[in-house]
Amino acid sequence: MEVIGDLPRELFLEILLRLPAESLMRCKYVCKYWHSLITNPKFIQLHLNYNYNNNVCVLLKRCLVTCLGQKENLLSLVCGNGFSFENLDVDLSLYRKEPCLQLLGHCDGIICLSNYRDYILLCNPATRESMVLPESCLPCYPWIRNLISQTTGLGFGYDAKSHCFKVVRIVSYWEELRGSNLPHFSRAEVYSMGTDSWKEINVTVPAHVRYSPCFETYFNGAFHWYAMDDNGNEVILSFNMGNEEFQVIPMPSFISMHDHSICRSLLVWNDCIALVIYPERGIEKSFEIFVMKEYGVKESWTNVLTIGPLTRVERPLVFRKNDEILMEGSHGQMMSYNLRNKEVKDLPIYGVPKSFSTLVYVNSLVSVKGGNQMLDQRDNTDFGW
């Protein structure tokens with residue numbers, strides 16, 4: 001068995017796989033051999049797989065108020081059974097001075113951020129690598145008078161067929177004098193990391209994306225939004241990153257919709273999408289959880305659990321483990337609720353109320369500029385040992 005110093009190569013590799021990406025970024029400058037190993041696509045994939053199996057965390061974006069009264073974004077990681085957390089030092093253009101920056105999605109250590117106007121960014125917080133996406137390819141229709149365009153939907157995900165990260169954007173167009181809450185029409189485009197460009201997709205957007213807190217979710221190779229169809233029915237609009245097609249998923253028929261005093265959030269729980277229904281206001285709130293046991297099938301919606309009533313809780317954020325859900329408190333404090341013992345814990349994490357957004361996250365070395373190349377080579381690259 002070959003050795004490196006006093007260590008067998010296999011043991012040396014196992015040690016490196018357990019290091020966080022931040023440490024590995026420093027280690028690759030020790031010598032040419034370490035650099036070659038750590039930047040090897042197969043090692044990057046092994047490191048990613050190890051973290052998926054052992055080190056899944058929650059990435060939290062929140063706003064803080066500076067001593068000058070200005071709002072700033074802050075990214076933090078919540079890890080481990082003891083709720084340890086660390087703030088991430090991410091230096092991005094507009095990151096600190098754009099309080100409305102939205103956390104859109106996560107895949108393989110890469111996150112997507114946007115202000116929903118003119119700024120979409122891919123970033124790996126661990127390697128501090130980032131990239132601003134090019135401008136939209138969709139037309140502005142300057143020849144149509146009184147037409148207003150707005151980005152209504154953004155989603156980030158991974159296409160397992162082409163081994164490529166993608167961003168989808170829905171742009172809706174309103175006639176200023178039409179007086180309707182629904183857009184006149186919508187168009188969609190897809191950014192592919194492999195080509196570093198946008199393309200318009202020739203598909204009909206079958207529903208209109210609307211805002212609902214903590215709803216936008218990436219699951220099962222598709223991105224999901226809260227939406228309304230042309231008949232005014234509330235639905236889930238999904239976009240499949242592989243075939244680049246939209247799908248309308250019905251809401252449960254046995255819950256009261258069209259009630260603006262009720263909030264809806266979409267989370268992932270036990271490998272299923274879970275719809276959480278709860279009141280927008282109130283000193284005490286109960287949270288009903290509906291699970292779609294068979295993806296895309298309306299009849300499979302099942303009311304599996306009711307949490308509460310709870311006090312001081314504003315909204316759900318993310319299932320951290322199958323028996324634990326993180327929630328935002330009424331006064332801008334993160335809380336956890338254990339589904340087994342029904343215990344509520346206050347966590348020492350604070351921010352501007354209603355500024356919290358979360359994602360399940362893994363630390364990785366995947367590049368925002370070559371992630372698809374790494375994934376293309378995952379099965380036919382070796383270390384040359």
Side-chain angles (χ1 to χ4, degrees), residues 20-22 51 54-92 95-106 109 111-113 123-126 128 213-217 263 265-269 274 276 278 280 283-285 287 307-308 310-364:
E22 295 87 344
N51 283 331
N54 299 279
N55 295 321
V56 176
C57 300
V58 170
L59 181 70
L60 165 68
K61 189 200 79 73
R62 54 194 159 129
C63 286
L64 299 179
V65 178
T66 69
C67 57
L68 299 177
Q70 298 176 333
K71 293 181 180 179
E72 289 188 351
N73 294 291
L74 181 64
L75 288 176
S76 305
L77 285 181
V78 182
C79 303
N81 295 325
F83 294 103
S84 64
F85 76 97
E86 61 175 305
N87 296 328
L88 300 180
D89 183 14
V90 181
D91 184 17
L92 303 175
Y95 169 68
R96 295 199 178 278
K97 64 181 181 180
E98 181 67 66
C100 294
L101 205 60
Q102 300 296 310
L103 188 60
L104 295 178
H106 162 267
I111 63 173
C112 184
L113 297 156
C123 169
N124 183 327
R128 300 185 182 182
C214 301
F215 199 98
E216 299 177 353
T217 299
C263 293
S265 294
L266 194 70
L267 310 178
V268 177
W269 184 36
V276 186
Y278 54 99
E280 181 180 9
I283 298 176
E284 288 188 334
K285 293 185 179 183
F287 300 82
I307 297 175
L310 302 176
T311 60
R312 302 185 300 109
V313 177
E314 181 67 28
R315 57 181 176 169
L317 292 174
V318 65
F319 281 97
R320 185 168 174 262
K321 293 181 287 188
N322 289 339
D323 62 351
E324 185 176 58
I325 183 171
L326 297 183
M327 312 181 88
E328 181 180 346
S330 303
H331 302 291
Q333 181 179 18
M334 179 169 277
M335 310 171 77
S336 74
Y337 179 84
N338 189 293
L339 301 180
R340 292 185 180 180
N341 59 28
K342 300 182 180 180
E343 181 183 4
V344 179
K345 288 184 179 179
D346 292 341
L347 305 181
I349 304 174
Y350 300 88
V352 175
K354 298 185 179 181
S355 72
F356 288 58
S357 57
T358 54
L359 294 170
V360 176
Y361 170 83
V362 293
N363 183 282
S364 87

Is any side-chain heavy atom of [X] closer than 4.5 Å to a side-chain heavy atom of [Y]?
X    : Y    : result
F356 : M334 : yes
L104 : E216 : yes
L77  : L59  : yes
L103 : L359 : yes

Using the side chain to side chain contact (heavy atoms under 4.5 Å, CB included) criterion, which residues pair with [X]? Sequence neighbours excluded.
X    : answer
L266 : F215, T217, H224, I236, I273, L275
V56  : V360, V362
S364 : L48, N124, V366
N54  : Y50

| field | Audit row: R312, D346, side-chain contact (heavy atoms from CB on, under 4.5 Å) steps and yes/no | value | CA-CA 10 Å; R312 302 185 300 109; D346 292 341; 3.4 Å; yes
| request: Show your working on side-chain contact (heavy atoms from CB on, under 4.5 Å) between L326 and V58 and close with a plain yes or no. | output: CA-CA 9 Å; L326 297 183; V58 170; 4.1 Å; yes
Which atom of [X] lies closest to which atom of [Y], heavy atoms considered:
X    : Y    : answer
E280 : K285 : O-NZ, 3.0 Å
L317 : T358 : O-OG1, 3.3 Å
Q333 : Y350 : NE2-OH, 3.2 Å
L267 : P316 : CD1-CB, 4.1 Å
N363 : P20  : OD1-C, 3.7 Å

What's the separation between atom [atom1] in [X] and atom [atom2] in [Y], rounded to the nearest 0.5 Å?
X    : Y    : atom1 : atom2 : value
I111 : C123 : CD1   : SG    : 5.0 Å
I307 : L339 : CD1   : CG    : 5.0 Å
Y278 : S265 : OH    : OG    : 3.0 Å
R340 : D323 : CZ    : CG    : 4.5 Å

Residues in side-chain hydrogen bond (donor to acceptor under 3.5 Å, both in side chains) contact with [X], at least two apart in sequence or another chain:
X    : value
S357 : none
E284 : none
N338 : none

| Between R62 (side chain) and N73 (backbone), is there a donor-acceptor pair under 3.5 Å? |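 Side chain of R62 to backbone of N73: no pair is present.
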| field | salt bridge (Lys or Arg N to Asp or Glu O under 4.0 Å) partners of E328, counting only residues at least two apart | value |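 With neighbours one apart ignored, the set is R315.
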| Stepwise, does the side-chain contact (heavy atoms from CB on, under 4.5 Å) test hold for L74 with K61? | CA-CA 6 Å; L74 181 64; K61 189 200 79 73; over 6 Å; no
| task | Provide the full list of salt bridge (charged side-chain N to carboxylate O under 4.0 Å, His left out) pairs with a residue in residues 353-364, sequence neighbours left out, each pair given once. | result |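 For residues 353-364: E314-K354.
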| message | The criterion is ring pair (Phe, Tyr, Trp, His ring centres under 6.0 Å); which residues satisfy it with Y361, sequence neighbours excluded? | response |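 Only H106 meet the ring pair (Phe, Tyr, Trp, His ring centres under 6.0 Å) criterion with Y361.
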| request: Give me the one residue out of V313, L310, I349 that meets side-chain contact (heavy atoms from CB on, under 4.5 Å) with M335. | output: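 In the set V313, L310, I349, the residue that makes a side-chain contact (heavy atoms from CB on, under 4.5 Å) with M335 is V313.
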| What residues form a disulfide bond (SG atoms under 2.5 Å apart) with C214, not counting sequence neighbours? |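 Expected list: none.
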| field | Pairs flagged by ring pair (Phe, Tyr, Trp, His ring centres under 6.0 Å) wherever residues 318-346 is involved - sequence neighbours left out | value |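 Every pair satisfying ring pair (Phe, Tyr, Trp, His ring centres under 6.0 Å) with a residue in residues 318-346: W269-F319.
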